[in-house]
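Everything numeric in this text was worked out from a predicted model, so none of it was measured.
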Amino acid sequence: MTPRQAWVLGLASTASFMMALDSLVVTTALTSIRQDLSASLESLEWTVNAYNLAFAVLLLTGAALGDRFGRRRVFVAGLALFTVASVACALAPGIGALVTARAFQGAGAAMVLPLSLTLVSAAFPPNERGRAMGLYLGITGLATFSGPFIGGAVAQGLAWQWIFWLNLPVGLITILLTGRHVGESFGPAKRFDLAGVGLVTAAGFGIVWALVRGNAAGWGSAEVLGALVLGVALVVAFVFWERRAEAPMLPMRFFRSRAFATANPANFLVFASLYGTMFFLAQYFQIVHGDGPFVAGLRLVPWTATLMVCAPIAGRLADRFGERAFVAGGLLLQSVCMGWIALITDAATGYLEILPALVVGSVGVTMAMPAAQRAVVAAVSPPEIGQASGAFMMLRIFGGVFGTSVTVAVFAAAGGGYTSPGEFSTGFSAGMGAVAVLAFTGVLVALGIPGRAGAPRTPAVTPAR
């Protein structure tokens with residue numbers, strides 16, 4: 001690894017680390033925020049959803065802006081927006097101001113994260129890219145590893161504002177070092193696809209709104225059905241537009257590549273199963289086992305640590321043996337382990353009884369992540385990696401929203417609730433069953449990924465001339 005590659009990988013991973021840590025810690029600090037700002041349950045929900053909503057619907061736009069105006073320039077602008085929004089979160093006088101600032105954080109993250117992946121992908125040749133992505137995910141995994149500790153400490157008395165203040169020095173240092181050590185790069189020279197940006201942003205907003213509001217407003221309500229129908233209709237309009245546009249932001253010819261067309265939905269289901277598990281796991285330890293937030297965080301450490309440990313290894317092996325075995329095999333492990341947890345958990349189930357399945361399932365998810373990323377970026381030519389990365393990251397976030405919504409809906413339908421440990425445990429078991437189904441569906445999709453190994457793959461998609 002050259003010094004330039006090391007700087008790119010380190011700075012891109014630092015930016016990803018900062019945003020992953022922020023998202024995790026906010027989730028575990030909601031009780032402190034509710035007490036300090038006298039927030040309602042729905043307002044608390046929006047402190048999480050405002051970030052995810054802005055993040056998901058602007059991801060492709062962030063990637064397109066980077067290709068058009070310079071990836072380093074837009075990456076730095078996104079870091080600046082995220083840092084300023086973090087300060088606004090820390091200074092928020094009420095829950096409304098906090099939700100608004102969280103939305104701006106999500107917009108900044110949408111500019112940074114797809115471009116961080118693009119910068120890493122462009123800095124490494126195809127035969128080294130899997131290892132680099134594994135390291136990128138492993139460093140990001142430090143946030144997952146440390147999030148339970150920090151979130152538990154915040155929930156038990158530290159000022160929640162420090163969640164956001166910590167982003168200020170890290171953001172400023174990363175901005176300065178990026179300007180010095182990361183070179184500028186651009187995507188294909190073409191006009192900015194304003195109509196495509198507008199269509200995909202509106203489509204993403206409609207679909208995410210429906211998923212977020214489904215459980216609260218009712219899946220058959222006019223609000224949810226209307227938003228979903230509008231979102232799907234706009235997706236269809238986006239596809240037709242991109243097929244006809246002279247300079248599309250997401251060329252539909254990418255989907256002619258089997259790797260691109262299968263690795264993206266497989267990764268969608270990786271994150272659907274991951275977020276579905278994540279939403280309920282800490283709550284299970286607190287409500288069923290009676291743990292405090294910090295102890296619940298400690299119990300999560302063996303589960304979260306696998307991302308930091310296994311991702312670099314899986315990335316290197318995917319370089320040698322191809323992606324299909326790791327994506328399909330990893331999802332199969334997740335499906336089997338979550339299915340086992342669904343079968344054995346009740347109010348009397350001990351921590352050590354579910355720990356082996358949690359760890360093995362997390363290893364499976366960690367195997368799948370870098371392999372799916374490698375399959376997507378290897379399917380396009382180097383100048384088009386930004387566009388492919390934007391689509392990949394957007395579907396990843398949609399997968400998380402979808403998985404959470406499905407798992408919560410199943411939890412409620414099975415009679416899950418917060419009145420007693422038994423009631424919560426009933427819903428938790430059903431929710432983990434839904435996670436197992438999502439992961440197994442991903443296995444079936446991942447079997448379509450080409451099974452090429454060894455030599456670097458020639459992109460299956462070539463730019464139009």
Side-chain angles (χ1 to χ4, degrees), residues 23-24 27-28 30 41 44-45 48-49 52 144 148 208 210-219 224 268-291 293 296-297 299-300 302-304 330-351 353-362 364-365 368 396-443:
S23 178
L24 284 166
T27 302
T28 54
L30 290 177
L41 179 61
L44 277 182
E45 184 181 2
V48 177
N49 288 338
N52 289 333
T144 308
V208 173
L211 291 174
V212 168
R213 290 284 295 155
N215 291 301
W219 291 100
V224 171
F268 174 95
L269 290 162
V270 168
F271 278 84
S273 67
L274 176 63
Y275 274 72
T277 306
M278 188 183 301
F279 184 83
F280 281 114
L281 201 52
Q283 295 185 74
Y284 174 78
F285 292 141
Q286 293 179 66
I287 295 170
V288 177
H289 291 178
D291 298 326
R299 291 185 184 274
L300 287 172
W303 182 64
T304 60
L331 279 164
L332 183 60
L333 286 178
Q334 168 76 340
S335 178
V336 171
C337 290
M338 293 303 106
W340 175 251
I341 288 175
L343 290 173
I344 69 169
T345 49
D346 56 33
T349 304
Y351 173 65
E353 294 178 75
I354 65 172
L355 180 60
L358 283 176
V359 172
V360 174
S362 185
V365 169
R396 187 180 87 169
I397 300 303
F398 279 155
V401 174
F402 179 77
T404 300
S405 299
V406 168
T407 309
V408 170
V410 171
F411 173 89
Y418 295 84
T419 304
S420 68
E423 184 181 61
F424 185 91
S425 180
T426 298
F428 176 78
S429 297
M432 294 307 97
V435 167
V437 171
L438 290 171
F440 186 73
T441 305
V443 174

Contacts under 3.5 angstrom, residues 279-287 side chains, donor-acceptor by atom type, not counting sequence neighbours:
from: Q283; atom 1: OE1; to: Y418; atom 2: OH; distance (Å): 2.7
from: Q283; atom 1: NE2; to: F279; atom 2: O; distance (Å): 2.8
from: Q286; atom 1: NE2; to: A282; atom 2: O; distance (Å): 3.4

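Going from atom OG1 of T407 over to atom CE of M432 covers 6.0 Å, rounded to the nearest 0.5 Å. L332 contributes atom CG, which lies 7.5 Å from atom CZ of F440 (distance to the nearest 0.5 angstrom). With rounding to the nearest 0.5 angstrom, the CD1 atom of I354 is 5.5 Å from the CZ atom of F428. Put simply, CG on L274 and OG1 on T404 are 9.0 Å apart, with the number rounded to the nearest 0.5 Å.
Scanning all heavy atoms of the two residues, the minimum distance from W219 to A210 falls at CZ3-O, 3.9 Å. Considering every non-hydrogen atom in both V270 and A368, the closest pair reads CG2-CB, 3.8 Å. In plain terms, the two heavy atoms of A342 and S429 that are nearest each other are CB-O, 3.3 Å. Contact detail for G427 and F411: the closest heavy-atom pair is C-CD1, 3.2 Å. For A357 against C337, the heavy-atom pair with the smallest separation is O-CB, 3.2 Å. Between I341 and T345, the closest heavy-atom pair is O-OG1, 2.8 Å.
Without hydrogens or angle criteria, T441 side chain to V437 main chain gives a donor-acceptor distance under 3.5 Å. Counting only distance, with no hydrogens or angles, the side chain of S273 and the backbone of S335 share no donor-acceptor pair below 3.5 Å. Counting only distance, with no hydrogens or angles, the side chain of S362 and the backbone of W303 share a donor-acceptor pair below 3.5 Å.
Counting only heavy atoms from C-beta outward, the side chains of L358 and M338 approach each other to under 4.5 Å. Proximity of R299 to L355: side-chain heavy atoms (C-beta onward) are nowhere separated by under 4.5 Å.
In this pair, Y275 and F271 present their aromatic rings tilted. The plane angle is within the 30 to 60° band.
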Test side-chain contact (heavy atoms from CB on, under 4.5 Å) applied to Q334 and V435, step by step | CA-CA 9 Å; Q334 168 76 340; V435 167; 3.8 Å; yes
